[in-house]
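Here's the structure, in structure tokens; my notes come after.
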Amino acid sequence: MCGRFALYYSREQLERVAGTTRWADAKDQEKRYHYQPRYNVAPQQTVPLLRTVSGERVLQPMRWAFPIRGRTFGKGESPPIVINVRAETALEKASFRSALDAGQRAVVIANGFYEWSAADAPGEQQDVGKIKTMTKASRIPYFIYHGVTKRESKDHLAPRNAHDMIDRPLFMAALFVEETEMNRFAIFTVAASDKIQWMHNRMPALLETEDQLQAWLDVEQVPARVAVHRCLQPTEQIVWHPVSNTVSSVKNEGPSLIEPRRDEPGKKPGLDIRSAFARGLKRSPSAQDLQAPETKQMRHTYQANR
DNA sequence: CCAGACGTTGTT
DNA sequence: GTCTGG
DNA sequence: CCAGACGTTGTT
DNA sequence: GTCTGG
């Protein structure tokens, strides 16, 4: 997973969250990069990553596509890349060994990431034989993030909008390769936490504490073996809400992409009649649910805030 | 030394 | 179905 | 991750 | 091509 995320801090907020105002000396392609807030960052695109250079934190634009060795490619064929690295096996993989040994670890700063639900949520397992229950288009995207805590917000039961609920940055463990034009990266993945297992089996490796963040970035002192093991720790500090399928197209951008999904009666995007039936009684939580959390789905969400 | 792999995801 | 592009 | 394409020839 | 496993 983690094939899409949001990083919509202002430049100033980003630098504050990153703990540095220093940007790496720009390579050719990086010079043409100008940071701007994004709600729909997709693979192959460029975002600033946090890394350590000479013991100092710096932000550096990198491209989300980690090249791996592969079969020699014929004309017109593009070289193989990955966007994720399985943390469990990263140390055994030839393609990642040199980057790991060289301490090319970095951190993707994000406000949250998106996951598209697996075909069936729990209790919805359907025996529909050999017929696919859900078309790709009918999968529901969720925005997943560190939420406000009860302590931090008295209004947590009645957030006005998505932005009110999201106040903590997300740090995702990443690995990069040095390239002349622009460095390239992939995001580590781990087993999904129990909370979101029903929607997906994998999730990005999140660095939850300042200690974890620091260890991941301290490539001088912390060997890859240790760092990777530490990022496998389960991460439970997450909440989520469903969002519109608008986010599914990389052409779309803007704050509306993280707003809680609104049910559109008679106009459920991509939900064919079979999968609608398969979904049964379960309905998507509406914006109203957010203000009056009553559904199982939303209890889930607010429980996560404890 | 050579042979064979070289990523991840999801889905069935 | 599978690959490419974003 | 999803959406969208998925091809060649000759000719201008 | 280059790394790992045998």
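Below, read A as the first sequence line, B as the second, and so on, with proteins coming before strands; counting in each chain starts at 1.
- Comparing the P positions of dT11(D) and dG1(C) gives a spacing of 39 Å, expressed to the nearest Å.
- Spacing between dT8(D) and dG5(C) at atom P, rounded to whole Å, works out to 15 Å.
- Side-chain atoms of Q44(A) and R63(A) include a donor-acceptor pair closer than 3.5 Å.
- The side chain to side chain donor-acceptor pair (under 3.5 Å) contacts involving residues 216-235 of chain A comprise Q212(A)-Q233(A), where partners must be two or more places apart or lie in separate chains.
- For the side chain to side chain contact (heavy atoms under 4.5 Å, CB included) test with C2(A), the passing option among R202(A), M172(A), M203(A) is M172(A); the others fail.
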Worksheet entry | Dot-bracket pairing map - DNA chain D, Watson-Crick plus G-U, both contacts under 3.5 Å, | cross-strand | ||||||......
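- For the atom pair CD1 of I109(A) and CG of L50(A), the computed distance is 5.0 Å after rounding to the nearest 0.5 Å.
- Note on ring orientation: taking the six-membered ring where Trp is involved, the planes of F5(A) and W64(A) are tilted (angle from 30° to 60°).
- For R4(A), counting side-chain heavy atoms from C-beta on, the closest listed nucleotide (dT8(B), dT9(B), dC1(D)) is dC1(D).
- A straight line from CE of M203(A) to P of dT9(B) spans 13 Å, rounded to a whole angstrom.
- Residue K251(A) places no side-chain N or O under 4.0 Å from the OP1 or OP2 atom of dC2(D).
- In the hydrophobic clustering, V226(A) connects to V222(A), either directly or through intervening members, whenever side-chain heavy atoms lie under 4.5 Å apart.
- Through side-chain heavy atoms spaced under 4.5 Å, either directly or across other Ile, Leu, Val, Met, Phe, Trp or Tyr residues, V219(A) is tied to no other residue.
- Comparing dG10(D) with dC1(B), their P atoms are spaced 49 Å from each other, to the whole Å.
- Checking dA3(D), dT8(B), dC1(D) against every side-chain atom of S249(A), the shortest atom distance belongs to dA3(D).
- No contact: F66(A) has no heavy atom under 4.0 Å from any strand.
- The CD atom of Q45(A) sits 13 Å away from the C1' atom of dA3(D) (whole-angstrom rounding).
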Kindly give the atom pairs (protein nitrogen or oxygen, nucleotide nitrogen or oxygen) under 3.5 Å for nucleotides 2-6 of chain E.
unit_1	atom_1	unit_2	atom_2	d
dT4(E)	OP1	R97(A)	NH1	2.8

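- What separates CD of Q44(A) from P of dC1(D) is a distance of 14 Å, to the nearest Å.
- The listed nucleotides are dC2(D), dT9(B), dT8(B); the one nearest the side chain of R202(A) is dT9(B).
- We find that CD1 of I187(A) is positioned 11 Å from P of dT9(B), with the value rounded to whole Å.
- Summarising the geometry, the separation between OH on Y142(A) and P on dC2(D) is reported as 14 Å, rounded to the nearest angstrom.
- On the C1' atoms, dC6(B) is 28 Å away from dA5(D), given to the nearest whole Å.
- Every residue two or more places apart in sequence or in another chain that forms a ring pair (Phe, Tyr, Trp, His ring centres under 6.0 Å) with Y39(A) is listed here: Y8(A), H163(A).
- In this entry the distance linking CG of N40(A) with C1' of dC1(D) reads 9 Å, nearest Å.
- Side-chain contact check for V41(A) versus F113(A): every heavy-atom pair is 4.5 Å or farther apart.
- A side-chain N or O of R57(A) and one of Q214(A) form a donor-acceptor pair less than 3.5 Å apart.
- Nearest to the side-chain atoms of P43(A) among the listed nucleotides dG4(D), dT9(B), dC1(D) stands dC1(D).
- Nearest to the side-chain atoms of T189(A) among the listed nucleotides dT8(B), dT9(B), dC2(D) stands dT9(B).
- dT8(B) atom P lies 11 Å from atom CD1 of I83(A), rounded to whole Å.
- Following rounding to the nearest Å, L175(A) (CG) and dT8(B) (C1') show an atom-to-atom distance of 14 Å.
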